[in-house]
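Positions are given from 1 along the sequence. Since the structure is predicted, the reported quantities are computational estimates derived from the model, not experimental observations.
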Amino acid sequence: MATRISGAESQIMEALWRKGPLTPDGIVAEVGEAHGWAPGTVKTLITRLLRKKAIEGRREAEGYLYRPLLSRSDYVQSESQSLVDRLFDGEVAPLVAHFAEHRALTPKDIQLLKKLISDLEDE
């Protein structure tokens, strides 16, 4: 994903991934009040996402509907890689170490990490 999506824009994307396609009013209902955003603010964010080609809008029988062009999976992959690249020189181990040192890992977290490592070693 070459285009950067801001934190505010990601809220629009999350609504569309969760409940899309949505009308402009549907998007406002999903994210506007929760973030204290006026309808104009939400519509500005929609316009930005349209320009970035992260979403598309079409007139359909139900009215004008927006849907994501970018999958959540692709977005998460890109954002994750960007974080690792920017903060940890592209290495995952220091990221995991950071969380282990600065955020208490639950027994479930540790179990999942051990399973992931075991699965990777088996490949």
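Within the 4.5 Å cutoff, the side chain of Tyr66 has no heavy atoms near those of the Arg58 side chain. With contacts defined as side-chain heavy-atom distances shorter than 4.5 Å, the pair Tyr75/Ser10 qualifies. Taking the side chain as every heavy atom from C-beta outward, Thr23 and Val28 never approach each other to under 4.5 Å. With contacts defined as side-chain heavy-atom distances shorter than 4.5 Å, the pair Asp89/Asp85 does not qualify. The side-chain heavy atoms of Glu30 and Arg18, taken from C-beta on, include a pair separated by under 4.5 Å. Side-chain contact between Leu87 and Leu95 is absent, with no heavy atoms from C-beta onward closer than 4.5 Å.
A distance of 10.0 Å separates CD1 in Ile27 from CE in Met13, rounded to the nearest 0.5 Å. Here the straight-line distance linking atom CD of Gln81 with atom CZ of Arg86 works out to 11.0 Å at 0.5 Å rounding. Distance check: Lys108 NZ to Leu113 CG gives 12.0 Å after rounding to the nearest 0.5 Å. Rounding to the nearest 0.5 angstrom, the gap separating the NZ atom in Lys53 from the CZ atom in Arg51 is 11.0 Å. Taking CD from Gln11 and CG from Leu45, the interatomic distance works out to 9.5 Å, rounded to the nearest 0.5 Å. Residue Glu121 holds its CD atom at 10.0 Å from CG of Leu116, rounded to the nearest 0.5 Å.
Of all the heavy atoms in Trp17 and Leu70, the pair that sits closest is NE1-O, 2.8 Å. The shortest heavy-atom contact between Val31 and Ala15 is CG1-CB, 3.9 Å. The two residues Lys52 and Arg4 make their nearest non-hydrogen contact at NZ-O, 2.8 Å. Listed here is the closest heavy atom pair of Leu65 and Pro21: CB-CB, 4.1 Å. Closest non-hydrogen pair, Gly57 versus Leu50, comes out as N-CD2, 3.8 Å. The two residues Trp37 and Ile12 come nearest to each other via the heavy atoms CZ3-CD1, 4.5 Å.
Using a distance-only test at 3.5 Å, with no hydrogens or angles considered, a donor-acceptor pair links the side chain of Glu9 to the main chain of Ser6. A donor-acceptor pair is defined here as one N or O able to donate and one able to accept, closer than 3.5 Å; no such pair exists between the side chain of Ser82 and the backbone of Ser78.
Cluster membership check: Tyr64 shares its hydrophobic cluster with Val42, using side-chain heavy-atom separations under 4.5 Å among Ile, Leu, Val, Met, Phe, Trp and Tyr. Ile55 and Leu69 are not part of a single hydrophobic cluster, where members link through side-chain heavy atoms under 4.5 Å apart. Cluster annotation: Val84 is connected to Phe99 through the hydrophobic network of ILVMFWY side chains, with a link wherever side-chain heavy atoms come within less than 4.5 Å. Under the 4.5 Å side-chain heavy-atom criterion for grouping Ile, Leu, Val, Met, Phe, Trp and Tyr, Val92 is connected to Ile110 within one hydrophobic cluster.
Counting heavy atoms of neighbouring residues, nucleotides and ligands inside a 6.0 Å radius, atom CD of Glu56 exceeds 12 of them. No more than 12 heavy atoms of other residues, nucleotides or ligands sit less than 6.0 Å from atom CZ of Arg72.
In this structure, Arg103 pairs ionically with Asp109, as a charged nitrogen and a carboxylate oxygen lie closer than 4.0 Å. Electrostatic pairing of Arg67 and Glu60 counts as a salt bridge here, judged by a charged N lying under 4.0 Å from a carboxylate O.
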